[in-house]
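Have a look at the structure below, then the notes.
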Amino acid sequence: MTTLVQLPHDDVVAIASEVWASYVSPDQPLIPMDAGDFPVGWSALVAVSGAWAGVIIIDLLDTAAWSLTTQMFGDDAAEADMADAVGELVNMIGGNVKAILNSESNLSLPVVAAGQVWAPSGADEVVRAELASATGPIRVRVCQLRVQPHGVL
Amino acid sequence: MQALIIDDSRAMRSILRRTLTELGFTTAEAEHGQAALDVMNGGFLPDICLVDWNMPVMDGYTFVVNVRQNPDWRNVTLMMVTTESEHGRIVKALAAGAHEYVIKPFTTDAIVEKLHLLGLIRDEVTA
């Protein structure tokens, strides 16, 4: 049986907030909230493999994804850039989550989807951070894969 | 001054391009290490490369190793700009020949400070 990692919820909130403040809205930080169900416009994940195995997933409203895109690309932002911007967001959040896990692990390239990204079924959610931005809710999930002797389920 | 921005994210390349252009750099871009080597072999000799770690085709670490194997590029400054923040990764990159290491997310001020430390921008530019 896999022991679930103890990952402080506040640390994940702090990471997501720092990334958002750095590239989107330094004056309007993300605020923890109960987002409930919301229509996910974009989502993305990065996988971590190695001493710890899991995925970090983000879900955003269309409006939040567009806000992210316009801040990252400036005046040149186009709808076609949204996937790239969302991918870089999950890359930065995932990379920093991996760092606080204190494990020698590798980070995958991001997978981005318009709508809800596929998430592995054999995983336990260890942290769910729901955050309010000025342009809509953002959800960050850290899921640990159940590693078995013959691989990952 | 010339800078080569190497990152598979167009968003990140856009952010870095705007910062460097405002500082007076002429920039070129590549989406992975092999494309960056192609740009340099094509005649663009940068004063500095800003290098992501995790990229398809050729990652940033392999790019650093390749650059350091070419004596024609010995004066090129290499700065990692990446989410990879474990101590072991930083040491590995610096041992391979990177000069500086910036962890994402970064502020514009952090990039400016590193460029200043590397002697690539003058005081009056940062004031």
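Just so it is clear, the structure is predicted and the values come from calculations on it, not from any experiment.
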Same apolar cluster (I L V M F W Y, side chains within < 4.5 Å links), [X]/[Y]:
X: B/Met80; Y: B/Leu120; result: no
X: A/Ile58; Y: A/Leu7; result: yes
X: B/Ile5; Y: B/Leu115; result: yes
X: A/Ile100; Y: A/Val5; result: yes
X: A/Val142; Y: A/Val112; result: yes

Checking [X] against chain B: side chain, backbone, both or neither under 4.5 Å from a heavy atom?
X: A/Asp76; value: side chain
X: A/Ser105; value: backbone
X: A/Leu107; value: both

Original post:
Are any side-chain N or O atoms of A/Tyr23 and backbone N or O atoms of B/Phe106, one a donor and one an acceptor, separated by less than 3.5 Å?
Top reply: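 Checked: pair present.
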Could you list the donor-acceptor pairs under 3.5 angstrom formed between side-chain atoms of residues 83-95 of chain A and any protein atom two or more places apart in sequence or on another chain?
unit_1: A/Asp84; atom_1: OD1; unit_2: B/Ser9; atom_2: OG; d: 3.1
unit_1: A/Asp84; atom_1: OD1; unit_2: B/Arg10; atom_2: N; d: 3.0
unit_1: A/Asp84; atom_1: OD1; unit_2: B/Ala11; atom_2: N; d: 2.7
unit_1: A/Asp84; atom_1: OD2; unit_2: B/Arg10; atom_2: N; d: 3.0
unit_1: A/Glu88; atom_1: OE2; unit_2: B/Lys104; atom_2: NZ; d: 3.0

Original post:
CD of B/Glu86 to CG of A/Leu101: how many Å apart, nearest 0.5 Å?
Top reply: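 Atom-to-atom, B/Glu86:CD and A/Leu101:CG are 9.0 Å apart.
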Original post:
For B/Arg13, is it the side chain, the backbone, both or neither that has a heavy atom under 4.5 Å from a heavy atom of chain A?
Top reply: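 For B/Arg13, neither part sits under 4.5 Å from chain A.
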Subject >> Top of B/His87, B/Glu84, B/Arg18 for chain A proximity - count of heavy-atom pairs under 4.5 angstrom >> reply: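 Result: the option with the highest number of such pairs is B/Arg18.
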**OP:** Name all pairs fulfilling the ring-ring contact (aromatic ring centres under 6.0 Å, His included) condition that reach into residues 41-98 of chain A, sequence neighbours left out, sorted by first residue then second.
**Re:**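 Residue pairs with at least one partner in residues 41-98 of chain A: there are none.
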Original post:
Given a cutoff of under 4.5 Å between side-chain heavy atoms of I, L, V, M, F, W and Y, with clusters grown through shared members, what are the other residues clustered with A/Phe38?
Top reply: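 Taking Ile, Leu, Val, Met, Phe, Trp and Tyr as members, A/Phe38 shares its hydrophobic cluster with A/Val40, A/Leu61.
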Original post:
Taking non-hydrogen atoms and a cut-off under 4.5 angstrom, which of residues 34-53 of chain B neighbour chain A?
Top reply: none
